[in-house]
Amino acid sequence: GAVVSQHPSRVICKSGTSVKIECRSLDFQATTMFWYRQFPKQSLMLMATSNEGSKATYEQGVEKDKFLINHASLTLSTLTVTSAHPEDSSFYICSAKHRDRGQWAEAFFGQGTRLTVV
Amino acid sequence: AQSVTQPDIHITVSEGASLELRCNYSYGATPYLFWYVQSPGQGLQLLLKYFSGDTLVQGIKGFEAEFKRSQSSFNLRKPSVHWSDAAEYFCAVGARPGGNEKLTFGTGTRLTIIP
């Protein structure tokens with residue numbers, strides 16, 4: 001099957017520091033990866049769409065300078081939360097789509113990263 | 001813009017009983033509809049999806065869902081639940097505004113199974 005792995009699964013950081021979250025497709029190549037944020041008892045909200053080799057497309061209201069996304073290879077996308085504050089504490093989830101499958105091919109999800117900013 | 005409503009935050013069902021999880025969507029065109037399941041500490045797994053054709057869709061793990069355009073609904077059903085079905089379930093609607101695929105998720109329904 002297709003496996004997407006996120007690292008770390010949990011992270012606690014101090015306010016003002018930056019945190020990097022990795023999303024890897026372990027057994028397939030992904031030209032497109034998606035980053036979501038999930039607040040307690042709320043929906044997954046799409047933050048940005050990441051395409052390999054190009055700039056990410058951010059959703060309205062998402063600060064691209066605060067949430068830096070890099071998709072440098074077909075198997076890795078990273079989300080860096082810069083100058084983190086307590087309100088950035090959340091559950092971040094990525095998903096990845098297989099490069100050789102068409103429109104609305106299944107996106108495989110990572111297990112998520114719980115970020116706590118203290 | 002599209003939206004999804006899952007009216008039930010938490011449902012408790014006895015093992016072996018039938019299950020129906022509700023999902024209502026709002027979208028101007030023909031929707032692409034999905035159901036995902038999330039177990040604790042794990043990623044989301046696709047249960048089934050509807051794009052077109054037969055409005056009754058069969059998925060994995062014995063789940064099915066029925067698309068009803070007149071009611072803007074895509075309810076998930078299972079005739080007999082197992083303890084392993086306890087998880088969080090998310091309904092999602094897909095759209096491609098400007099060619100960019102986007103999934104909009106509902107708030108989820110937590111399913112508890114009792115013996």
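Within every chain, numbering begins at 1; the chains are lettered A, B, ... in the order of the sequence lines, protein sequences first and strands thereafter. In what follows, every heavy atom counts, from backbone to side chain, and hydrogens, waters and symmetry copies are set aside.
Note: Tyr89(B) and Phe63(B) have tilted aromatic rings, judged against thresholds of 30 and 60 degrees for the angle between ring planes. Classification of the Phe34(B)-Tyr36(B) ring pair by plane angle, with boundaries at 30° and 60°, yields parallel. Under the 30°/60° scheme for interplanar angles, the aromatic rings of Tyr50(B) and Phe74(B) are found to be tilted.
One distance of note links CG of Leu33(B) with CD of Gln2(B); it measures 10.5 Å at 0.5 Å rounding. Here the CG atom belonging to Asn75(B) is positioned 7.0 Å from the CH2 atom belonging to Trp35(B), to the nearest 0.5 angstrom. Separation of atoms CH2 (Trp35(A)) and CE (Met47(A)) is listed at 9.0 Å; rounding is to 0.5 Å. Of the inter-residue distances, the one linking Leu46(B) atom CG with Phe108(A) atom CZ reads 8.5 Å to the nearest 0.5 angstrom.
Heavy-atom proximity under 4.5 angstrom to chain B picks out Phe91(A), Ile93(A) from residues 71-95 of chain A. Within residues 14-25 of chain B, no residue has a heavy atom under 4.5 Å from a heavy atom of chain A. Contacts with chain A (heavy atom to heavy atom, under 4.5 Å) involve these residues of residues 105-115 of chain B, listed by number: Phe105(B), Gly106(B), Thr107(B).
Looking at Leu46(A), only its side chain comes within 4.5 Å of chain B, counting heavy atoms on both sides. Using a 4.5 Å cut-off between heavy atoms, Gln38(B) contacts chain A through its side chain alone, with no backbone atom that close. Neither the backbone nor the side chain of Phe39(A) comes within contact range of chain B; no heavy atom of the residue lies under 4.5 Å from a heavy atom of that chain.
One finds no salt bridge joining Lys78(B) and Glu64(B) here, because no Lys/Arg side-chain nitrogen approaches an Asp/Glu carboxylate oxygen to under 4.0 Å. Taking 4.0 Å as the cut-off between side-chain N and carboxylate O, Lys20(A) and Glu22(A) do not count as a salt-bridged pair.
Across Asp54(B) and Val57(B), no two heavy atoms sit closer than the pair O-CG2, 4.0 Å. Leu103(B) approaches Gly94(B) most closely through the heavy-atom pair CD2-CA, 3.9 Å.
None of Leu115(A), Val118(A), Val19(A), Val117(A) except one satisfies the side-chain contact (heavy atoms from CB on, under 4.5 Å) rule with Ile12(A); the exception is Val118(A).
A donor atom on one side chain and an acceptor atom on the other are found under 3.5 Å apart for Gln45(B) and Lys61(B).
For residues 107-116 of chain A, the side chain to side chain donor-acceptor pair (under 3.5 Å) pairs, not counting sequence neighbours, are Gln6(A)-Thr113(A).
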